Trainee: 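This is the structure, below, for whatever I ask next.
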Amino acid sequence: MPSRPSKRLQTFANPSPGRDYRICMEIPEFTCLCPMTGQPDFATLFLDYVPHRRCVELKSLKLYVGSYRDQGAFHEAVTNRIADDLVRLLAPRFLRLVARFFVRGGIFTSVVVEHRKKGWKPSAGFELAPLEEQRSTR
């Protein structure tokens, strides 16, 4: 039986909560609908976070991302909503979500949302990845 899209994200305990480490994900199959035209928008999501106590479970993330397929949303709104949901769920030390949307009307759009836990500073020798320069998804 195939899995159905769901807004229910799940977590598991961080196996190394005493260490700063990055979890990086590339999600190339994000789709939603343009709220103005109803046409599909396609994006690649880049999720980069430093967990605190919880990590996101991958299958639930896949189903969560798929739940946007038939929803109308502006690029900025949907990127912020996803980041807010992940921050609320995980309370990470750091989280960056980059949504690189494919061309629409001759324009490539990238939306970047960052969250940093209040008072958190990376441990000595740990560096966050620099934000890549603006580029299209091709």
Side-chain angles (χ1 to χ4, degrees):
M1 172 176 278
S3 299
R4 293 183 177 195
S6 170
K7 291 281 192 232
R8 187 168 173 253
L9 285 163
Q10 297 178 355
T11 65
F12 60 92
N14 179 356
S16 297
R19 171 182 293 136
D20 283 342
Y21 66 98
R22 290 178 39 228
I23 299 173
C24 306
M25 299 175 194
E26 184 173 341
I27 306 163
E29 298 178 346
F30 180 79
T31 61
C32 61
L33 300 176
C34 171
M36 303 296 285
T37 66
Q39 296 297 308
D41 283 328
F42 301 90
T44 298
L45 304 180
F46 298 89
L47 175 60
D48 188 17
Y49 73 101
V50 177
H52 185 49
R53 291 190 173 98
R54 310 294 304 165
C55 299
V56 68
E57 192 277 323
L58 294 181
K59 183 174 182 182
S60 75
L61 181 61
K62 176 182 119 174
L63 296 174
Y64 171 85
V65 167
S67 73
Y68 285 94
R69 185 164 306 236
D70 296 322
Q71 291 188 0
F74 289 106
H75 299 164
E76 299 81 0
V78 73
T79 306
N80 276 281
R81 186 177 319 136
I82 293 168
D84 288 346
D85 287 349
L86 289 167
V87 167
R88 206 171 11 261
L89 177 77
L90 301 173
R93 294 172 183 157
F94 173 83
L95 181 138
R96 177 186 297 141
L97 179 63
V98 178
R100 290 207 166 98
F101 286 86
F102 283 74
V103 68
R104 179 169 21 119
I107 299 172
F108 288 98
T109 303
S110 292
V111 180
V112 180
V113 178
E114 287 190 352
H115 162 82
R116 186 181 299 258
K117 187 177 185 85
K118 188 175 183 171
W120 177 74
K121 297 207 182 324
S123 40
F126 180 83
E127 292 185 30
L128 295 171
L131 184 61
E132 293 182 29
E133 291 183 24
Q134 175 76 9
R135 63 179 169 84
S136 71
T137 58
R138 15 177 202 175

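This structure is a prediction, so every number in the text was calculated from the model and none was measured.
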Trainee: Return yes if a side-chain donor-acceptor contact under 3.5 Å exists between N14 and Y21, otherwise no.
Mentor: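 Yes, Y21 and N14 have a side-chain donor paired with an acceptor closer than 3.5 Å.
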Trainee: Between V56 and S60, which heavy-atom pair has the shortest distance, and what is it?
Mentor: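 So the two residues come closest at CG2-OG, 4.4 Å.
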Trainee: Find out if a path of hydrophobic residues (ILVMFWY) with successive side-chain heavy-atom gaps under 4.5 Å connects V87 to M25.
Mentor: yes
Trainee: Tell me, do E127 and P122 make a side-chain contact under 4.5 Å, heavy atoms counted?
Mentor: no
Trainee: Less than 3.5 Å apart, any donor N or O on the side chain of H75 or R104 sitting next to an acceptor on the other?
Mentor: yes
Trainee: Would a single hydrophobic cluster contain both Y49 and L45, if residues Ile, Leu, Val, Met, Phe, Trp and Tyr are joined by side-chain heavy-atom contacts under 4.5 Å?
Mentor: yes
Trainee: Kindly give the heavy-atom pair with the smallest separation between K117 and P92, and that separation in Å.
Mentor: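 Looking at all heavy atoms of both residues, the closest pair is CB-O, 3.5 Å.
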Trainee: Can you tell me how far apart OH (Y64) and CD (Q10) are? Round to the nearest 0.5 Å.
Mentor: 14.0 Å
Trainee: Kindly compute the distance separating SG (C55) from CG (L89), expressed to the nearest 0.5 Å.
Mentor: 10.5 Å
Trainee: Taking atom CD of Q71 and atom CZ of R69, what is their separation to the nearest 0.5 Å?
Mentor: 12.0 Å
Trainee: Show the numbers, then the answer: is there a side-chain contact (heavy atoms from CB on, under 4.5 Å) between R96 and V98?
Mentor: CA-CA 7 Å; R96 177 186 297 141; V98 178; 3.9 Å; yes
Trainee: Please determine whether residues I23 and V113 belong to a single hydrophobic cluster, defined as Ile, Leu, Val, Met, Phe, Trp and Tyr linked transitively by side-chain heavy-atom distances below 4.5 Å.
Mentor: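 No, because I23 and V113 fall into different hydrophobic clusters, even though each may have its own neighbours under 4.5 Å.
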Trainee: Hey, is CZ on R81 packed in by over 12 heavy atoms from elsewhere, all under 6.0 Å?
Mentor: yes
Trainee: Could you tell me which non-hydrogen atom of F102 sits nearest to which non-hydrogen atom of T44, and how far apart they are?
Mentor: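 F102 and T44 have their closest heavy atoms at CE1-OG1, 4.2 Å.
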Trainee: Quick one: CG on L95 to CZ on R116, what's the gap to the nearest 0.5 Å?
Mentor: 11.5 Å
Trainee: What are the two closest heavy atoms between R4 and L63, and how far apart are they?
Mentor: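 Heavy atoms of R4 and L63 come nearest at O-CD2, 3.5 Å.
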Trainee: Is it possible for you to say whether F94 and L90 belong to one hydrophobic cluster, with membership spreading through side-chain heavy-atom contacts below 4.5 Å?
Mentor: no
Trainee: Taking atom NZ of K7 as the centre, report whether more than 12 heavy atoms of other residues, nucleotides or ligands fall under 6.0 Å from it.
Mentor: yes
Trainee: Please say yes or no: joined through hydrophobic side-chain contacts below 4.5 Å, possibly via intermediate residues, are F46 and V112 part of one cluster?
Mentor: yes
Trainee: Looking at every heavy atom in both V78 and F101, which two are closest together, and how far apart are they?
Mentor: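 For V78 versus F101, the nearest heavy atoms are CG1-CZ, 4.1 Å.
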Trainee: Where the side chain of T79 meets the backbone of E76, is there a donor-acceptor pair that is under 3.5 Å apart?
Mentor: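 Not at all, since once roles are kept as given, no pair shorter than 3.5 Å links the two residues.
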Trainee: CD1 of I82 to OG of S67: how many Å apart, nearest 0.5 Å?
Mentor: 8.0 Å
Trainee: Taking atom CG of L86 and atom OG1 of T11, what is their separation to the nearest 0.5 Å?
Mentor: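 Spacing of CG (L86) from OG1 (T11) equals 11.5 Å.
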Trainee: Search all heavy atoms of V50 against all heavy atoms of R22 and return the closest pair with its distance.
Mentor: CG2-CG, 4.0 Å
Trainee: How far apart are the C-alpha atoms of L97 and N80, what are their side-chain angles, what is the distance that settles it, and do they pass the side-chain contact (heavy atoms from CB on, under 4.5 Å) test?
Mentor: CA-CA 8 Å; L97 179 63; N80 276 281; over 6 Å; no
Trainee: For a quick test of your reading: what N or O donor-acceptor pairs under 3.5 Å do the side chains of residues 27-37 make, sequence neighbours left out?
Mentor:
unit_1	atom_1	unit_2	atom_2	d
T37	OG1	Q39	N	3.1

